[in-house]
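Below, chains carry the letters A, B, ... as their sequence lines are ordered, and counting in each starts from 1. All values reported here derive from a predicted model rather than from experimental measurement.
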Protein chains: 2
Amino acid sequence: MHSEAVASRSAEHRDSRDPRDSRNGTPHLDAVSLAIIEQLQQDGRRPYAAIGKAVGLSEAAVRQRVQKLLDQGVMQIVAVTDPLTVGFRRQAMVGINVEGDVEAIADALTDMAEVEYVVMTAGSFDILAEIVCEDDDHLLDVINKRIRAQPGVRSTESFVYLKLKKQTYMWGTR
Amino acid sequence: MHSEAVASRSAEHRDSRDPRDSRNGTPHLDAVSLAIIEQLQQDGRRPYAAIGKAVGLSEAAVRQRVQKLLDQGVMQIVAVTDPLTVGFRRQAMVGINVEGDVEAIADALTDMAEVEYVVMTAGSFDILAEIVCEDDDHLLDVINKRIRAQPGVRSTESFVYLKLKKQTYMWGTR
DNA sequence: GCCGAAGCTGCGAAATCCGCAGGCTTCGAT
DNA sequence: ATCGAAGCCTGCGGATTTCGCAGCTTCGGC
């Protein structure tokens, strides 16, 4: 019977028709876009023609897809550095416990320039936040004067970084 | 006395003569390279000529500097994505306590594909590791079968991500 | 059937990238 | 003091890439 072919076709149709995931507003990514992202995870400046050759698309098509991925916020092409070499000598992860509105505290942390990373978690901390500072004084100031000063912050625990062993950006490249 | 002037001169000389920091192997960065990095943190594909105009250098000079920064491993230009949109639905930070050689454990974690981020810390954990997985089963497998199986791992504590609030790559751009 | 949206291709013009030769300065050695 | 090597910059021409646009096809709605 031809039901298999029909199912395959309808799946293709869904892929191309609906660019959005039903659960949230995140756009849907097909295999080709994923392959393009992989290429750019290896080298953010790789030419469109080279990417096209790798994923089986014309240069113009790759260009349009990349532009859309950037516009949609699915990916960004940026330079990433080791903070130490750029003059930030103290980093720490801070575990935070909150009473009341966790998301409000998370938003407040998000607004701080020294806070690089904020995530709400399940477990013995409500929030984990990564702090990037120039020196010890700066770090102390951020943790004690700014974070702990937030109303609703019940307690914090700090983990000062001693040595960064790994930091990759290769999701999807494995 | 002139000891201050002498010290100042010798420091200048060290900066320009020796591209490496004495403490570790990290190369020294001058203000211009920092400015170039800032440009590329805003847009990893910005043309060299535009960067040159912004930092006061010729196109060729910018190109040479960027190439050197990449070769030295000071920065990398890559596409970064939201893991959720590329199909990784479970993430967690894992705090680890170790008996014996902490760095050996950290190295073992570094070799795992699902481990995105490894840092040795001071505080109540010896190591923090970020895990990126496709689903709960995958996450469970990595934590229980792979991480806790490492000899020397005394205990672990997991923080499953509920919501990622902030993730920037803008060191130096503030 | 007809129309609009979305996505891909091909192509020519403009912009960018790239390699290289040459100039300038610093620094160490003779 | 002079010389040579090294490091870094500029300028330039050719190769490559990017960019905008017109046209084609598919698919779903009316």
Please state how far atom [atom1] in [X] lies from atom [atom2] in [N], giving the value in whole angstrom units.
| X | N | atom1 | atom2 | result |
| --- | --- | --- | --- | --- |
| A:Leu70 | D:dC19 | CG | P | 11 Å |
| A:Gln67 | C:dC8 | CD | P | 14 Å |
| B:Gln72 | D:dC8 | CD | C1' | 14 Å |

Residues forming a side-chain hydrogen bond (donor to acceptor under 3.5 Å, both in side chains) with A:Arg90, sequence neighbours excluded:
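Listed in chain order: A:Asp136.
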Set of residues satisfying side-chain hydrogen bond (donor to acceptor under 3.5 Å, both in side chains) with respect to B:Lys165, sequence neighbours excluded:
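With neighbours one apart ignored, the set is A:Glu103, A:Asp107.
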Students often mix this up, so state it plainly: with edges at 30° and 60°, are the rings of B:Tyr169 and A:Tyr169 parallel, tilted or perpendicular?
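Because their plane-to-plane angle is over 60°, the rings of B:Tyr169 and A:Tyr169 count as perpendicular.
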Which nucleotide in the set D:dG11, C:dT9, D:dC9 lies at the smallest distance from any side-chain heavy atom of A:Ala60?
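Output: C:dT9.
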Going by atom type alone, with no hydrogens or angles, which donor-acceptor pairs under 3.5 Å involve a side-chain atom of residues 52-60 of chain B and a protein atom two or more places apart or on another chain?
residue: B:Ser58; atom: OG; partner: B:Ala61; partner atom: N; Å: 3.2
residue: B:Glu59; atom: OE1; partner: B:Arg63; partner atom: NH2; Å: 3.4
residue: B:Glu59; atom: OE2; partner: B:Arg63; partner atom: NE; Å: 3.1

Residue pairs fulfilling ring-ring contact (aromatic ring centres under 6.0 Å, His included) with at least one residue in residues 101-124 of chain B, sequence neighbours excluded
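Found none.
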A:Lys68 side chain N/O closer than 4.0 Å to the phosphate oxygens (OP1, OP2) of C:dG7?
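Yes, within the criterion.
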Check: residues 144-154 of chain B side-chain donor-acceptor pairs under 3.5 Å, at least two apart:
residue: B:Arg146; atom: NH2; partner: B:Glu114; partner atom: OE1; Å: 3.4
residue: B:Arg148; atom: NH1; partner: B:Thr156; partner atom: OG1; Å: 3.1
residue: B:Arg154; atom: NH1; partner: B:Glu99; partner atom: OE1; Å: 3.4

5' priority, DNA chain C, between A:Gly56 and B:Gln64 [closest heavy atom]
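Closer to the 5' end of DNA chain C: A:Gly56.
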Protein-nucleotides 14-17 of chain C N/O pairs under 3.5 Å:
residue: C:dC17; atom: OP1; partner: A:Arg45; partner atom: NH1; Å: 3.2
residue: C:dC17; atom: OP2; partner: B:Tyr48; partner atom: N; Å: 3.0

